[in-house]
Amino acid sequence: MFASSMLPDREPLPTYLTPVPKTLEDLGLRFAWLVVAINLAGTAFGFWYYGPQLGGTPAVMWPWVPDSPMATLLIALAIACWKLGYEQPWLTSLAFFGNVILGLWTPYTLLAFADAYSYLDPLMYQFLFWSHLSMVVQALVLHRISDFPVWSVAVAVAWYGSNLVVDYFVPIAGGPHHTAIPVPGDEPMFLGADALGVVAAGEVTFALLAVFLALAIRVKKCEAARGGAPADRAGR
């Protein structure tokens, strides 16, 4: 029911752009509908988890608050479109950005505020940590279904750029709209930064990483299509 023998080729990209083993990539693509179902379940859980924060946020800002469940929803939709034969580059790019950024930001935040997160059940802490890292893994398989055209990357940059703005710099309605953290935003941290600065620095860094990865994949695919990048092919 879920498996398919028709898989897109794995193009000769550098290892730093394709760190997920081909066997694992193939497994995810063969059982794509199961991956979609898991992400939809994660989306439902995520919206439940964000319920208290959404309750205190103006409705107009709701799309910018539940970042992780939005990311899992985007990747579920992106993979579903591909399986149905209608891959949407803009949707795949949004899914790539969301799963890289939030897949890294949440574990980073859990580590940065580990003491303050002691109120979480240890199993919940571990679940949040590893489930979010798995979001990065699935994002790094999307190069098999999309060429990441520049215009689609621009769509993702615009959306997640706006997310950074309202999260940390220009709160449109009320206070900043980032995911709630377990300490006050002005809590002193390290290197002279406060808590808000720490989480903002993480998200900006991961957003820049997503831009680099998406455009590097695009460039290397174009080089390969023109018969270039022999060193990359030889290195693999």
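We're numbering straight along the sequence, starting at 1.
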Over 12 non-hydrogen atoms of neighbours within 6.0 angstrom of CH2 in Trp130
no
Whether Trp105 side chain and Val199 backbone form a donor-acceptor pair below 3.5 Å:
yes
Take Val204 and Leu164 through the side chain to side chain contact (heavy atoms under 4.5 Å, CB included) test and state the conclusion after the steps.
CA-CA 7 Å; Val204 170; Leu164 283 170; 4.0 Å; yes
In one Ile/Leu/Val/Met/Phe/Trp/Tyr side-chain cluster, 4.5 Å: Leu128, Met135:
yes
Calculate, to the nearest 0.5 Å, the distance between atoms CD1 and SG belonging to Ile217 and Cys222 respectively.
12.0 Å
For atom CG of Asp115, decide whether the heavy atoms of other residues, nucleotides or ligands shown that lie under 6.0 angstrom number more than 12.
no
Note: Ser152 and Pro149 closest approach over all heavy atoms is OG-O, 2.7 Å
Between Ser146 and Thr92, do the side chains contain a donor N or O and an acceptor N or O under 3.5 Å apart?
no
What distance separates Leu77 CG from Asn39 CG, expressed to the nearest 0.5 Å?
9.5 Å
Scanning both residues in full, the closest heavy-atom pair of Pro107 with His132 reads CD-CB, 3.8 Å
Please indicate whether Tyr86 has more than 12 foreign heavy atoms, meaning atoms of other residues, nucleotides or ligands, lying under 6.0 Å from its OH.
no
Could you tell me which non-hydrogen atom of Gln88 sits nearest to which non-hydrogen atom of Cys81, and how far apart they are?
CG-SG, 4.2 Å
Take the angle between the ring planes of Phe97 and Tyr160 and call it parallel below 30°, perpendicular above 60°, tilted in between.
parallel
Please determine whether side chain to side chain contact (heavy atoms under 4.5 Å, CB included) holds for the pair Thr106 and Leu133, giving the CA-CA distance in whole Å, both sets of side-chain angles, and the decisive distance to 0.1 Å.
CA-CA 8 Å; Thr106 299; Leu133 283 183; over 6 Å; no
In this structure, OG of Ser93 is separated from CG of Leu215 (nearest 0.5 Å) by 9.0 Å
Check whether any side-chain heavy atom of Asp167 lies under 4.5 Å from a side-chain heavy atom of Asp67, and answer yes or no.
yes
Applying a strict under-4.5 Å side-chain criterion to I, L, V, M, F, W and Y, I'd like to know whether Leu208 and Leu213 cluster together.
yes
Could you grab the distance from atom CD of Gln138 to atom CD1 of Ile75, nearest 0.5 Å is fine?
3.5 Å
Checking Leu104 against Ile101 for the side chain to side chain contact (heavy atoms under 4.5 Å, CB included) test, could you report, in this order, the C-alpha distance in whole Å, the side-chain angles of both residues, the deciding distance, and whether it holds?
CA-CA 6 Å; Leu104 292 173; Ile101 296 170; over 6 Å; no
Are Leu140 and Tyr16 grouped together when hydrophobic residues (ILVMFWY) are joined by side-chain heavy atoms under 4.5 angstrom apart?
yes
Taking the six-membered ring for Trp and the full ring for Phe, Tyr or His, determine whether the centres of Phe127 and Phe45 are under 6.0 Å apart.
yes
Evaluation steps, side chain to side chain contact (heavy atoms under 4.5 Å, CB included), between Phe148 and Leu142:
CA-CA 9 Å; Phe148 293 108; Leu142 294 177; 4.2 Å; yes
Tell me the closest heavy-atom pair linking Ala224 and Pro12, and the distance in Å.
CB-CG, 4.2 Å
Look at the side-chain heavy atoms of Ile, Leu, Val, Met, Phe, Trp and Tyr, link any pair under 4.5 Å apart, and say whether Tyr119 and Leu111 land in one connected group.
yes
Could you point out which residue of Phe206, Phe113, Phe129 forms a ring pair (Phe, Tyr, Trp, His ring centres under 6.0 Å) with Tyr108?
Phe206
Taking the side chain as everything from C-beta on, heavy atoms only, tell me whether Val136 gets closer than 4.5 Å to Asn99.
no
Contact summary for Ser68 and Tyr50, nearest pair of heavy atoms:
N-OH, 4.1 Å
Report yes if the side chains of Thr72 and Leu40 come closer than 4.5 Å at any heavy-atom pair, otherwise no.
no
Distance, nearest 0.5 Å, that separates OH of Tyr49 from CE of Met124
6.5 Å
Other residues, nucleotides and ligands only: do more than 12 of their heavy atoms fall within 6.0 Å of CH2 on Trp159?
yes
Strictly by salt bridge (Lys or Arg N to Asp or Glu O under 4.0 Å), give each pair with a member in residues 124-152 just once, sequence neighbours left out.
Glu25-Arg144, Asp26-Arg144, Asp147-Lys221
For the student: nearest non-hydrogen atoms of Ile145 and Pro8, plus distance
CG2-CG, 4.4 Å
Atom pair CG (Leu7) and CG (Leu27), whose distance is rounded to the nearest 0.5 Å
10.0 Å
Would you say the side chain of Val153 lies within less than 4.5 Å of the side chain of Phe96, judging by non-hydrogen atoms?
no
State, without any angle test, whether His143 and Thr18 hold a side-chain donor-acceptor pair at a distance under 3.5 Å.
no
